[in-house]
Amino acid sequence: MQVTDELMNEHQLILKYIDLMEQYIKFSYENNDEGNMLLEKAQDFIDFIKKFADNYHHAKEEDVLFKHLQTPGVLSHCNPLPVMFSEHDQSRIFLKNMTEAVATSNRESFCENALNYGQLLQQHIMKENNILYPMAEEGLSDENKVALEKEYKQIEEKLNKSELWNKYEEKYTELKNCLDSKSVLVV
């Protein structure tokens, strides 16, 4: 039983959104957009980060996986959890700053914080996928994994996993198509 597979799958959607957000920023600067399209769509990225990356994904990590990893003897050779918690907290600061930037129509602040958020999360996800999650798979007992899966399911039911996934897959496609159509017009 792999208890981190779904988390890694969620990482893929988060990385897609980060990449697309960076494409919007690049388009905005390359085409002297002055942030109009970027700031119009920024709320969609913020919404995804708040509701999917933080409220859904990070909840599963912090409230379930990390809790189980703190069981004595699970992380035998090192404990990366303080770094993981710290990076989640830092991502929330960038998100808060992005939200404030949109509210004040400050493109530069939005871009700076969005790019910092993206860089942090890309590195963070790499650490989780390649270090923390393999440690979890190795260190957690089968009993812990079964309990962990039950707790994941509770969060997924409470937050309506399928509706959340569908909403953000559709929103991603909408955002991607919008940027692609604008890019075609500029060329």
Side-chain angles (χ1 to χ4, degrees), residues 1-21 42-76 78-99 113-114 116-175:
M1 172 189 299
Q2 294 284 322
V3 294
T4 58
D5 286 348
E6 186 64 24
L7 295 173
M8 292 198 315
N9 190 31
E10 293 164 9
H11 282 167
Q12 294 311 304
L13 186 57
I14 294 167
L15 290 171
K16 279 175 45 173
Y17 264 86
I18 288 169
D19 180 62
L20 186 58
M21 184 169 62
Q43 192 57 50
D44 291 328
F45 290 105
I46 290 169
D47 180 69
F48 169 78
I49 294 167
K50 281 182 181 177
K51 293 180 181 161
F52 187 89
D54 199 33
N55 290 349
Y56 178 73
H57 177 76
H58 287 166
K60 287 171 67 178
E61 288 180 333
E62 292 178 354
D63 299 341
V64 180
L65 179 64
F66 293 1
K67 178 183 76 174
H68 284 272
L69 293 178
Q70 292 177 29
T71 303
V74 172
L75 297 175
S76 56
C78 71
N79 183 359
L81 292 179
V83 171
M84 299 294 105
F85 278 115
S86 174
E87 290 177 354
H88 284 187
D89 290 342
Q90 183 61 54
S91 74
R92 291 178 183 117
I93 292 169
F94 290 136
L95 177 61
K96 177 182 173 281
N97 294 341
M98 290 163 61
T99 303
N113 284 284
N116 286 335
Y117 175 88
Q119 182 179 27
L120 173 70
L121 261 285
Q122 289 164 341
Q123 293 171 359
H124 179 80
I125 286 170
M126 184 191 71
K127 291 176 202 171
E128 286 182 338
N129 286 354
N130 297 305
I131 299 168
L132 182 66
Y133 291 176
M135 289 172 70
E137 295 297 346
E138 181 182 315
L140 289 168
S141 68
D142 288 342
E143 182 180 303
N144 272 341
K145 289 179 180 181
V146 168
L148 197 142
E149 286 288 341
K150 285 181 184 174
E151 291 176 52
Y152 281 165
K153 294 271 185 251
Q154 290 172 343
I155 290 173
E156 291 168 356
E157 287 173 11
K158 179 181 175 187
L159 298 176
N160 200 341
K161 173 187 173 179
S162 62
E163 183 178 304
L164 200 64
W165 269 93
N166 290 338
K167 174 184 176 179
Y168 289 113
E169 286 285 359
E170 288 173 13
K171 181 55 74 176
Y172 175 85
T173 301
E174 178 186 313
L175 289 166

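Computation of the quantities below employed the complete heavy-atom set of this structure, encompassing side-chain atoms and omitting hydrogens, waters and symmetry-equivalent molecules.
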**Test item: D19 side-chain N/O and L15 main-chain N/O as donor-acceptor pair under 3.5 Å** = no
**Complete:** With sequence neighbours left out, the residues meeting ring pair (Phe, Tyr, Trp, His ring centres under 6.0 Å) with Y152 are none
**Asked** Is there side-chain contact between K67 and E62, with heavy atoms separated by less than 4.5 Å?
**Response** no
**Item:** Side-chain touch C78/M135, heavy atoms, less than 4.5 angstrom
**Value:** yes
**By salt bridge (Lys or Arg N to Asp or Glu O under 4.0 Å) - contacts of E87 (at least two apart)** = K127
**Request:** Give every residue pair that meets the ring pair (Phe, Tyr, Trp, His ring centres under 6.0 Å) criterion with at least one member in residues 122-141, sequence neighbours excluded.
**Result:** H11-Y133, H88-H124
**Item:** Set of residues satisfying side-chain hydrogen bond (donor to acceptor under 3.5 Å, both in side chains) with respect to D54, sequence neighbours excluded
**Value:** H58, R92
**Message:** Tell me every residue that passes salt bridge (Lys or Arg N to Asp or Glu O under 4.0 Å) with E6, counting only those two or more places apart in sequence or in another chain.
**Reply:** K161
**Item:** Any side-chain heavy-atom pair of L95 and N113 under 4.5 Å
**Value:** no
**Prompt:** How far does CG of L81 sit from CG of L132, to the nearest 0.5 angstrom?
**Reply:** 6.0 Å
**Prompt:** Heavy-atom distance under 4.5 Å between the side chains of F52 and I14, does that happen here?
**Reply:** yes
**Item:** Short N-O contact, E10 and K60, less than 4.0 angstrom
**Value:** yes
**Qualifying residues under side-chain hydrogen bond (donor to acceptor under 3.5 Å, both in side chains), relative to Q119, sequence neighbours excluded** = none
**Request:** Only counting residues at least two apart or in another chain, list the ones meeting side-chain contact (heavy atoms from CB on, under 4.5 Å) with S86.
**Result:** none
**Non-neighbouring partners of N144 that pass side-chain contact (heavy atoms from CB on, under 4.5 Å), sequence neighbours left out** = H68, T71, V74, L140, S141
**Asked** Taking the side chain as C-beta and beyond, is there a heavy-atom pair between E169 and K16 under 4.5 Å?
**Response** yes
**Prompt:** Under 4.5 Å between any side-chain heavy atoms of E61 and M84, yes or no?
**Reply:** no
**Item:** Residue list, side-chain hydrogen bond (donor to acceptor under 3.5 Å, both in side chains) with K50, at least two apart or on another chain
**Value:** none
**OG1 on T4 to CG on N9, rounded to 0.5 Å** = 11.5 Å
**Prompt:** So which heavy atom on S91 is nearest to which on L120, and how close?
**Reply:** N-CD2, 3.5 Å
**Message:** Could you work out, with side-chain hydrogen bond (donor to acceptor under 3.5 Å, both in side chains) as the rule, every residue matching N55, not counting sequence neighbours?
**Reply:** none
**Heavy atoms of other groups near K153 NZ, more than 12 under 6.0 Å** = no
**Item:** Reported CD-to-OH distance for the pair Q122 and Y117, which is rounded to 0.5 angstrom
**Value:** 10.5 Å
**Request:** Give the C-alpha distance, both sets of side-chain angles, the deciding distance and a yes or no for side chain to side chain contact (heavy atoms under 4.5 Å, CB included) between E128 and M8.
**Result:** CA-CA 9 Å; E128 286 182 338; M8 292 198 315; over 6 Å; no
**side-chain contact (heavy atoms from CB on, under 4.5 Å) involving A42 - partner list, sequence neighbours excluded** = V102, F110
**Prompt:** Are the side chains of Y56 and E156 in touch, meaning some heavy atoms are under 4.5 Å apart?
**Reply:** yes
**Message:** For the CD atom of Q43 and the OG1 atom of T99, what is their distance to the nearest 0.5 Å?
**Reply:** 6.5 Å
**Asked** With a 4.5 Å heavy-atom cut-off, do Y168 and Y17 have their side chains touching?
**Response** yes
**Request:** Using the test side-chain contact (heavy atoms from CB on, under 4.5 Å), find all partners of D44 that sit at least two apart in sequence or belong to another chain.
**Result:** K41, K171, L175
**Request:** Please lay out, stage by stage, how I49 and M98 fare under the test side chain to side chain contact (heavy atoms under 4.5 Å, CB included).
**Result:** CA-CA 11 Å; I49 294 167; M98 290 163 61; 3.8 Å; yes
**Message:** Working to the nearest 0.5 angstrom, can you tell me the gap between L7 CG and L65 CG?
**Reply:** 6.0 Å
**Prompt:** How long is the span from the CG atom in L164 to the CG atom in L13, to the nearest 0.5 Å?
**Reply:** 9.0 Å
**Prompt:** Taking the inter-plane angle between the rings of F85 and F66 on a 0 to 90° scale, is it parallel (under 30°), tilted (30 to 60°) or perpendicular (over 60°)?
**Reply:** perpendicular
**Asked** Taking E137 for the side chain and V3 for the main chain, is one N or O donor matched with an acceptor at less than 3.5 Å?
**Response** yes
**Asked** Can you name the nearest heavy-atom pair linking G118 to I18, along with the distance?
**Response** CA-CG2, 3.5 Å
